[in-house]
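Residue numbers run from 1 in the order of the sequence given. FYI, side chains are in, hydrogens and waters are out, and symmetry mates aren't considered; it's all heavy atoms of this structure.
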Amino acid sequence: MPKSIDFSLYLITDRHQVAAGQSLVSAVDAALRGGVRAMQLREKDLPARELLPLAEELRVLTRRHHARLLINDRIDVALAVEADGVHLGEHSLPVATARKLLGPQRTIGVSTHSLADIAAATEGGADFVTFGPVFATPSKAAYGAPVGLAALRQACRQTALPVFALGGIKSGHRQVIAGTGAAGIALISAIIAAADPTTAARSFLA
């Protein structure tokens with residue numbers, strides 16, 4: 001049975017997009033001060049030896065702000081830092097296998113790009129999914145053209161899982177996304193790349 005998801009804004013990290021003068025840790029800290037209560041550490045290109053200390057730093061920050069920390073793909077790192085869960089992609093372990101390793105209490109999110117992906121995540125026992133890219137964005141260009149709002153609306157109707165819209169989302173999109181039935185939004189650059197991540201986060205949560 002999927003657990004309750006009590007957040008509507010899901011921040012995803014990308015240290016390559018952080019604004020000048022900030023580090024990823026300082027940007028995340030600022031976003032958490034702005035009200036972010038769930039985040040995914042997604043630095044896919046970092047080896048475990050470098051990812052682990054970064055995860056430890058973010059675990060300290062997320063605990064301080066009573067926020068959830070999910071680790072992209074790396075179940076070993078998630079367990080090592082006592083993260084709240086993991087986020088799985090198309091090349092990750094199956095959801096059911098991850099659940100066996102993580103236990104029933106930790107949260108599992110899954111990246112999806114089609115209705116078939118959502119069905120598989122639902123059957124596997126995920127707690128929520130991200131779906132997209134809804135709008136055009138360079139970080140999701142490899143997944144093809146944006147799926148659009150109609151596909152997002154259909155995705156939300158298909159599953160009982162919370163669906164988070166992902167891809168090219170700006171603060172001006174909040175109302176149209178809310179009308180699709182999505183549980184919330186997942187984003188990277190609109191907060192991580194902002195000169196003031198605190199204000200950026202607050203604008204999405206207003």
Side-chain angles (χ1 to χ4, degrees), residues 1-13 35-42 62 66-75 78-79 83-135 137 139-140 143-169 171 173-188 190-191 201 204-206:
M1 183 75 176
K3 58 186 61 65
S4 174
I5 297 300
D6 58 0
F7 54 89
S8 61
L9 179 61
Y10 184 41
L11 177 64
I12 302 168
T13 72
V36 168
R37 291 298 171 261
M39 61 162 296
Q40 176 197 153
L41 176 58
R42 189 185 176 268
T62 50
H66 307 288
R68 297 194 198 192
L69 172 64
L70 277 67
I71 308 295
N72 182 274
D73 195 47
R74 296 302 301 261
I75 293 172
L79 290 171
D84 298 285
V86 297
H87 194 96
L88 304 175
E90 62 180 338
H91 301 300
S92 302
L93 288 174
V95 179
T97 303
R99 178 63 71 198
K100 289 178 183 177
L101 295 169
L102 291 165
Q105 300 305 317
R106 285 190 167 90
T107 301
I108 298 178
V110 178
S111 296
T112 66
H113 309 285
S114 67
L115 298 181
D117 289 347
I118 291 176
T122 304
E123 184 178 351
D127 295 302
F128 72 95
V129 299
T130 59
F131 181 74
V134 178
F135 304 107
T137 175
S139 67
K140 294 294 182 182
Y143 296 102
V147 297
L149 291 170
L152 175 61
R153 190 174 294 109
Q154 186 178 1
C156 295
R157 286 198 302 260
Q158 174 177 304
T159 180
L161 294 181
V163 176
F164 284 74
L166 172 68
I169 294 172
S171 58
H173 294 136
R174 290 176 300 169
Q175 287 188 326
V176 291
I177 290 173
T180 66
I185 53 178
L187 46 78
I188 302 174
I191 292 179
F204 279 98
L205 292 163

Going through the distances and angles, do H87 and S111 end up as a side-chain contact (heavy atoms from CB on, under 4.5 Å)? CA-CA 7 Å; H87 194 96; S111 296; 2.9 Å; yes
Flag side-chain contact, heavy atom, 4.5 Å: [X] against [Y]:
X	Y	value
I12	L166	yes
R74	L41	no
F135	I177	yes
L205	S8	yes
L152	V163	yes

Nearest non-hydrogen partners of [X] and [Y], listed with the distance:
X	Y	answer
L115	Q154	CD1-NE2, 3.3 Å
V95	A126	CG1-N, 3.6 Å
C156	G181	SG-C, 3.7 Å
A183	P162	CB-CB, 3.6 Å
T13	I188	C-CG2, 4.4 Å
G85	A78	O-CB, 3.8 Å

Backbone N/O of [Y] and side chain of [X]: donor-acceptor pair under 3.5 Å:
X	Y	result
R68	Q40	no
R106	V86	no
D127	I108	yes

From [X] [atom1] over to [Y] [atom2], what is the distance, rounded to the nearest 0.5 angstrom?
X	Y	atom1	atom2	answer
R174	L9	CZ	CG	10.5 Å
L161	T122	CG	OG1	4.0 Å
I185	I191	CD1	CD1	7.5 Å

Partners of S92 by side-chain hydrogen bond (donor to acceptor under 3.5 Å, both in side chains), sequence neighbours excluded?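 Here the qualifying residues are D73.
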Under the rule for side-chain hydrogen bond (donor to acceptor under 3.5 Å, both in side chains), what residues qualify as partners of T180, not counting sequence neighbours? none
What do the steps show when you test M39 against D84 for side-chain contact (heavy atoms from CB on, under 4.5 Å), and what is the final call? CA-CA 10 Å; M39 61 162 296; D84 298 285; over 6 Å; no
Test T112 against T130 for side-chain contact (heavy atoms from CB on, under 4.5 Å), laying out the working first. CA-CA 6 Å; T112 66; T130 59; 5.6 Å; no
What residue among I5, L70, V36 forms side chain to side chain contact (heavy atoms under 4.5 Å, CB included) with Y10?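 Among the candidates, only L70 passes.
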The criterion is ring-ring contact (aromatic ring centres under 6.0 Å, His included); which residues satisfy it with F164, sequence neighbours excluded? F7, F128
